Chemist: 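Here you go, one structure.
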Amino acid sequence: MTITLRSPLDMHIHFRQDNMLRVVAPLTAAHFAGGVVMPNLIPPVNTLEALHRYTGEVNAATYGYAFAPYMTLFFRDYSREELEAAKPHIIGIKLYPAGATTNSEAGVREISAMDHVFAEMESLDIPLLVHGETHGFVMDREREFCEVYRYLARTFPRLRITMEHITTRDALDVLEEFDNVAATVTAHHLVITLDDVVGGLMNPHLFCKPIAKRPEDRDALLAAALQVHPKIMLGSDSAPHPVDKKECPGCAAGVFTAPILLPLLADLFERHGALDKLQQFVSDNAIRHYRLTPPSTTVTLERTPMTIPPSYGDVVPMWAGRQLPWSVTNVEAHHTS
Ligand code: NCD
Ligand code: ZN
C-alpha cells in the first residue's frame, strides 16, 4: 500500500542555529516542501537585519532541497515602518507571552498594551501567530488563554490569527467562534496525553509546552484533524534540544518529531480509516489559509516499517527505537518555470 502527498508543509518548526540547524533543517526539508520557521533564537529574530541573516542560514542549511522557509519575526512593539519593511519577507509575526516557553523571555508582558501593533498588522494584513498560554496552573494555561484569543479576534476582526499547537477542546471552541482564527496542531498532541509524559516512568522526550493534556482533549483534536477541519493545519512544533538538556533535572521543553512526522501521521490516519484526508491536513489547509505557492513536490510513503533511530546528532527523536509501519520511500521535486 502506498500514499502520495503533494507539497507537505509543516506550519510550525524550530530549526535553531549553527550545528543544530545543520542537523535538523535537512531532516524537515527532505520530506516537506515548506515550513514556518520559528524566531525564538537567542537573541530573538526581531529586526529585519536578524531576519535576513537567519533566512540566509536556513537557506544554506536546506540547500539542494525543494523547500520554502516561511520566516517569522518575534513579536515586539514594531513601528508601522518596520512592519511594512518586513512584510514581504515573512509569513507572520509570532507572539510569545514572556516566559511561557523556551527562549521567550523577550516576549510580551501585557498583551492589551500592544493593541496599536495588532491594529497595524491588521491593516497591513500580516498574520499573528500566537503561543497561547497564561502563567496559570500548567493544565489550565491554554484554556485560560482562550479569553485572550477571543479579545484579539473580536477587537481585530480582520487580523488573521493562528492559535499555535492547540492542545484542548477549549481552543477548538474558539476556532468555531471566529472566522479570522485558524490553528496548528502537532502530531504528538494527536497521539499522546499527560499519561505518556508522567503517568508511568517520566519521559522527558515527550515533555513540551503546551504540555499534553487529557484523553478527551487529545480525542477532540484528533477528531477535528481526521475530519479535516478546514482551519486546522499540521504545525509539528518539532523542537530539538541536545540530549543533555533533555535527560537532566530542569529538562528543556520540546519534542523532536521532524524526521518521523509523515510516517507517524500516515499510520495514525490509516488506523482511523482517513488516509484520504491526510493531504488536506498536511498541505491544502495551510496553502488556502496563508495563500501559499510552495515548491511542487510529491512524497510517497509505503507500508514498509521504519525503525526510529536512537538519535539524530545529539537529539533524541520522539519514540526513539520504536517501529512505525510506514516510511517515506520517494520524494520528487517538480520544477516549474
Ligand atoms: C519550543 C522550543 O523548544 O523552542 N518548546 C516547546 O516545548 N514547544 C517553544 C514552543 O513552541 O513553545
Ligand atoms: Zn514552538
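What you see is a predicted model; the values in this text were computed from it and never measured. Just so you know, ligand 1 is whichever comes first in the structure, and atom 1 is the first atom listed for that ligand.
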Chemist: Establish, from distance only, whether the side-chain atoms of R80 and S123 form a donor-acceptor pair under 3.5 Å.
Modeler: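 Yes, because at least one side-chain N or O of R80 sits under 3.5 Å from a partner of the opposite role on S123.
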Chemist: Going by atom types alone, do N103 and E105 pair a side-chain donor with an acceptor below 3.5 Å?
Modeler: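 Note: N103 and E105 side chains miss the donor-acceptor criterion.
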Chemist: Do you know which of H241, K246, E247 makes side chain to side chain donor-acceptor pair (under 3.5 Å) with H205?
Modeler: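 Exactly one option meets the side chain to side chain donor-acceptor pair (under 3.5 Å) with H205, and it is E247.
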Chemist: Charged N to carboxylate O below 4.0 Å: is that the case for R291 and D125?
Modeler: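 Here R291 pairs with D125 in a salt bridge, since their nearest N and O are under 4.0 Å apart.
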Chemist: Do any N/O atoms on A253 end up under 3.5 angstrom from N/O atoms on ligand 1?
Modeler: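 Yes, since at least one N or O of A253 sits under 3.5 Å from an N or O of ligand 1.
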Chemist: Which pairs would a plain distance check flag for residues 56-72, meaning a side-chain donor or acceptor within less than 3.5 Å of a matching protein atom at least two apart in sequence or in another chain?
Modeler:
unit_1 : atom_1 : unit_2 : atom_2 : d
N59    : ND2    : T55    : O      : 3.3
T62    : OG1    : V58    : O      : 2.9
T72    : OG1    : V37    : O      : 2.6

Chemist: Determine whether the side chain, the backbone, both or neither of E164 has a heavy atom under 4.0 Å from any heavy atom of ligand 1.
Modeler: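 It is neither; nothing of E164 touches ligand 1.
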Chemist: May I ask you to list the atoms of ligand 1 that are less than 4.0 angstrom from any heavy atom of H241?
Modeler: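 Near H241, meaning under 4.0 Å from one of its heavy atoms, ligand 1 has 3 (O).
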Chemist: With a 4.0 Å heavy-atom cut-off (strictly under), which part of A239 contacts ligand 1: side chain, backbone, both or neither?
Modeler: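 The side chain, only.
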Chemist: Hydrogens and angles aside, do T184 and E164 bring a side-chain donor and acceptor to less than 3.5 Å of each other?
Modeler: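 On atom types as modelled, these side chains qualify, holding a pair under 3.5 Å.
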Chemist: Cut-off 3.5 Å, side chains only: do Y151 and D115 have a donor facing an acceptor?
Modeler: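 Present: a donor and an acceptor within the cut-off.
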Chemist: Taking only Lys NZ, Arg NE, NH1 and NH2, and the carboxylate oxygens of Asp or Glu, determine whether R76 and E82 approach each other closer than 4.0 Å.
Modeler: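 Answer for the salt bridge query: yes.
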Chemist: If you have a sec, work out which protein heavy atom is nearest atom 7 (O) of ligand 1 and how many Å separate them, to one decimal?
Modeler: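 Protein heavy atom at minimum distance: K209 N, 2.8 Å.
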Chemist: Just heavy atoms, cut-off under 4.0 Å: does N40 contact ligand 1 by side chain, backbone, both, or neither?
Modeler: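 Under 4.0 Å from ligand 1, N40 contributes side-chain atoms alone.
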Chemist: To which protein heavy atom is atom 1 (C) of ligand 1 closest, and what is the distance rounded to 0.1 Å?
Modeler: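 The closest heavy atom on the protein side is H14 NE2, 3.6 Å.
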Chemist: Considering only NZ, NE, NH1 and NH2 on the basic side and carboxylate oxygens on the acidic side, decide whether D140 and R143 come within less than 4.0 Å.
Modeler: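 Salt bridge between D140 and R143, a charged N being under 4.0 Å from a carboxylate O: yes.
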Chemist: Give the atoms of ligand 1, by number and element, whose distance to some non-hydrogen atom of C208 is under 4.0 Å.
Modeler: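 Listed by number with element: 7 (O).
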Chemist: What part of H12, side chain, backbone, both or neither, has a heavy atom within less than 4.0 angstrom of ligand 1?
Modeler: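 Contact part for H12 vs ligand 1: side chain (C-beta onward).
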Chemist: Do E147 and R150 sit within salt-bridge range, that is, some charged N less than 4.0 Å from a carboxylate O?
Modeler: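 The answer is yes: the pair qualifies as a salt bridge.
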Chemist: Below the 3.5 angstrom mark, is there an N/O of R16, backbone or side chain, next to an N/O of ligand 1?
Modeler: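 Yes, R16 has an N/O under 3.5 Å of an N/O on ligand 1.
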Chemist: Using a distance threshold of 2.8 Å, what protein N/O/S atoms lie below it relative to the Zn ion (ligand 2)?
Modeler: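 Per the 2.8 Å query on the Zn ion (ligand 2), atoms found are H12 NE2, H14 NE2, D237 OD1.
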Chemist: For atom 9 (C) of ligand 1, what is the nearest protein heavy atom, given as residue, atom name and distance?
Modeler: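 Scanning the protein heavy atoms, the shortest distance from atom 9 (C) of ligand 1 goes to T101 OG1, 3.3 Å.
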Chemist: May I ask you to say whether E216 pairs ionically with R169, meaning some side-chain N is under 4.0 Å from a carboxylate O?
Modeler: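 No.
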Chemist: Note the single closest protein heavy atom to atom 8 (N) of ligand 1, along with its residue, its atom name and the distance in Å.
Modeler: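 Scanning the protein heavy atoms, the shortest distance from atom 8 (N) of ligand 1 goes to D237 OD2, 2.7 Å.
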Chemist: Verify the cluster assignment for I126 and L292: are they in a single hydrophobic cluster under the rule of side-chain heavy atoms below 4.5 Å apart?
Modeler: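 Result: no, two separate clusters.
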